[in-house]
Protein chains: 2
Amino acid sequence: MQSSDAPTRADLDRPDPSRIERLCVERGLKMTGQRRLIARVLSEAEDHPDVEELYRRAVTLDARISVATVYRTVRLLEEKGIVERRDFGGGRARYDPTDRGHHHHLIDVDTGRVLEFEDPEHEKLAQAIARRLGFTLVGQRLELFGRKAPANPPPRPPRAAKPRS
Amino acid sequence: MQSSDAPTRADLDRPDPSRIERLCVERGLKMTGQRRLIARVLSEAEDHPDVEELYRRAVTLDARISVATVYRTVRLLEEKGIVERRDFGGGRARYDPTDRGHHHHLIDVDTGRVLEFEDPEHEKLAQAIARRLGFTLVGQRLELFGRKAPANPPPRPPRAAKPRS
DNA sequence: TTAAATGCAAACCGTTTGCAGTGTA
DNA sequence: TACACTGCAAACGGTTTGCATTTAA
């Protein structure tokens with residue numbers, strides 16, 4: 001039930017479904033022009049955009065979308081397990097496609113830049129800790145906040161992007 | 001502006017400064033009745049209360065305090081490094097006195113209960129990872145979400161308290 | 001005495017939602 | 001055609017803030 005005969009404007013711009021769009025269809029989501037748009041923006045993103053940023057990028061491609069829809073879609077995608085909501089501090093939720101694989105983040109406290117990393121050793125350790133406490137690990141969150149290596153000891157950290165409100 | 005020269009109600013209830021109050025004085029904070037009150041509530045807390053909860057407990061001891069003051073004080077204490085702001089999901093910030101020592105949390109996804117734990121091995125690993133990426137570790141966040149050990153495989157997780165908005 | 005802290009209520013800000021209109025399946 | 005989706009703007013919930021008043025030092 002995917003191929004209709006009258007392609008929408010978005011289809012014309014990008015006839016081949018984006019990576020995320022394919023996932024949406026797999027999960028049985030009704031694909032509207034707006035959803036296709038967001039799926040495409042998410043597929044092309046290499047960072048961790050917040051809703052405002054997603055909206056900004058989407059509007060550029062097709063103005064017929066509102067922030068409310070971005071909020072609703074992003075929530076839907078989260079429920080379907082297609083994206084994960086992240087909180088790097090800053091008050092806004094940020095989104096991370098799950099098909100990029102399991103990873104953690106290191107946030108540069110001076111620039112706010114976010115690096116992704118994996119660490120099998122940590123995964124083992126996390127499981128071990130949970131087990132030690134009598135639990136089975138069902139999820140976790142590891143975020144490192146760092147400053148570029150040559151850390152000339154500052155009296156107090158200049159600008160921090162650490163956990164905030 | 002009720003009582004004039006007599007010791008305040010809070011003073012009578014607890015003549016000796018609380019643990020956190022002592023820290024406040026050390027850091028040179030002006031100690032008002034409200035701040036003493038919050039300091040006391042935090043000193044006696046064994047959990048990770050949010051502002052609403054702190055206010056609720058404070059009001060019980062002395063009604064002459066407002067939520068705004070709790071917000072302001074808790075922010076001040078965070079700046080002074082006396083408490084740490086935490087985000088366990090749920091939309092509200094929760095507060096954790098730093099003098100309890102460095103630790104992480106395991107959240108029981110079924111009950112929402114929060115356990116504290118330490119793990120020197122993890123600390124070493126976190127530093128190593130940061131270093132590997134070319135950073136000096138200045139902070140971190142590790143939260144484990146787990147379910148009580150005998151995990152009889154449920155078709156789908158019952159109630160989750162995982163990261164939310 | 002005086003700068004700082006407080007209470008109150010309004011302002012903020014990210015996010016959600018009710019409703020009427022639109023579009024997909 | 002039906003029902004889900006969208007846009008708009010109003011509502012929300014936690015947090016912050018301006019201003020007049022109180023208070024610690």
Side-chain angles (χ1 to χ4, degrees), chain A residues 1-11 21 24-25 27-39 49-56 58-59 62-80 85-95 163-165, chain B residues 1-11 17 21 24-25 27-39 49-56 58-59 62-80 85-95 164-165:
Chain A
M1 68 259 282
Q2 51 254 52
S3 50
S4 55
D5 35 17
T8 70
R9 202 147 307 165
D11 285 340
E21 178 176 348
C24 291
V25 174
R27 307 287 212 280
L29 294 184
K30 183 197 257 188
M31 291 313 290
T32 66
Q34 289 83 336
R35 288 187 181 170
R36 243 181 291 272
L37 198 53
I38 296 170
D50 57 32
V51 166
E52 195 182 304
E53 181 60 28
L54 286 173
Y55 173 66
R56 202 176 298 129
V59 161
D62 188 331
R64 292 170 304 172
I65 189 173
S66 71
V67 240
T69 296
V70 179
Y71 273 108
R72 277 189 278 233
T73 303
V74 114
R75 171 180 262 249
L76 182 68
L77 296 184
E78 192 197 1
E79 283 163 6
K80 292 294 182 179
R85 189 194 323 220
R86 303 280 192 174
D87 167 27
F88 296 148
R92 308 135 105 100
R94 302 176 62 173
Y95 294 87
R164 357 161 343 196
S165 64
Chain B
M1 38 137 94
Q2 21 262 335
S3 56
S4 34
D5 40 19
T8 70
R9 206 146 308 162
D11 285 340
E21 178 177 347
C24 291
V25 174
R27 307 288 213 281
L29 294 185
K30 184 197 254 188
M31 290 313 290
T32 66
Q34 290 81 339
R35 287 188 181 171
R36 242 183 291 275
L37 198 52
I38 296 170
D50 56 33
V51 166
E52 196 182 303
E53 180 60 27
L54 286 173
Y55 173 68
R56 202 176 298 127
V59 162
D62 188 330
R64 294 171 301 172
I65 189 174
S66 71
V67 239
T69 297
V70 180
Y71 272 108
R72 278 190 275 232
T73 303
V74 114
R75 171 182 262 248
L76 182 67
L77 297 185
E78 192 199 2
E79 283 163 7
K80 291 294 182 180
R85 190 196 318 221
R86 303 283 191 172
D87 168 27
F88 297 148
R92 308 135 107 99
R94 301 174 64 172
Y95 294 87
R164 358 161 344 197
S165 62

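In what follows, every chain begins at residue 1, and chains take the letters A, B, ... in the order their sequences are listed.
- Residues Q34(A) and R64(A) come closest through the heavy atom pair NE2-O, 3.5 Å.
- Of the possible polar contacts, one joining the R27(A) side chain to the K80(A) backbone as a donor-acceptor pair under 3.5 Å is found.
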At a cut-off of 3.5 Å, list every protein nitrogen or oxygen paired with a nitrogen or oxygen from nucleotides 3-5 of chain C, distance to 0.1 Å.
residue, atom, partner, partner atom, Å
dA4(C), O4', K30(B), NZ, 3.4
dA5(C), OP1, R35(B), NH1, 3.1
dA5(C), OP1, R35(B), NH2, 3.0
dA5(C), O5', R35(B), NH2, 3.4

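- Atom CE of M31(B) and atom C1' of dT23(D) are 14 Å apart (whole Å).
- Set against dG7(D), dC8(C), dT16(C), the side chain of S66(A) has dG7(D) as its closest nucleotide.
- The shortest distance between side-chain heavy atoms of E53(A) and R94(A) does not fall below 4.5 Å.
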Pairs under 3.5 Å (N/O, protein and nucleotides 18-20 of chain D):
residue, atom, partner, partner atom, Å
dG18(D), O6, R72(B), NH1, 3.4

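- When rounded to the nearest whole Å, the span between OH of Y95(A) and P of dG14(C) equals 13 Å.
- When the options V51(A), L77(A), V70(A), D50(A) are evaluated for a side chain to side chain contact (heavy atoms under 4.5 Å, CB included) with Y95(A), the one that passes is V51(A).
- The phosphate of dT16(C) has neither OP1 nor OP2 within less than 4.0 Å of any side-chain N or O from Y71(A).
- At least one side-chain nitrogen or oxygen of R75(B) sits closer than 4.0 Å to the OP1 or OP2 atom of dT16(D).
- If you measure from atom CG of L37(B) to atom P of dT6(C), you get 11 Å, rounded to the nearest angstrom.
- R36(B) places no side-chain N or O within 3.5 Å of a backbone atom of E21(B) that could act as its donor or acceptor partner.
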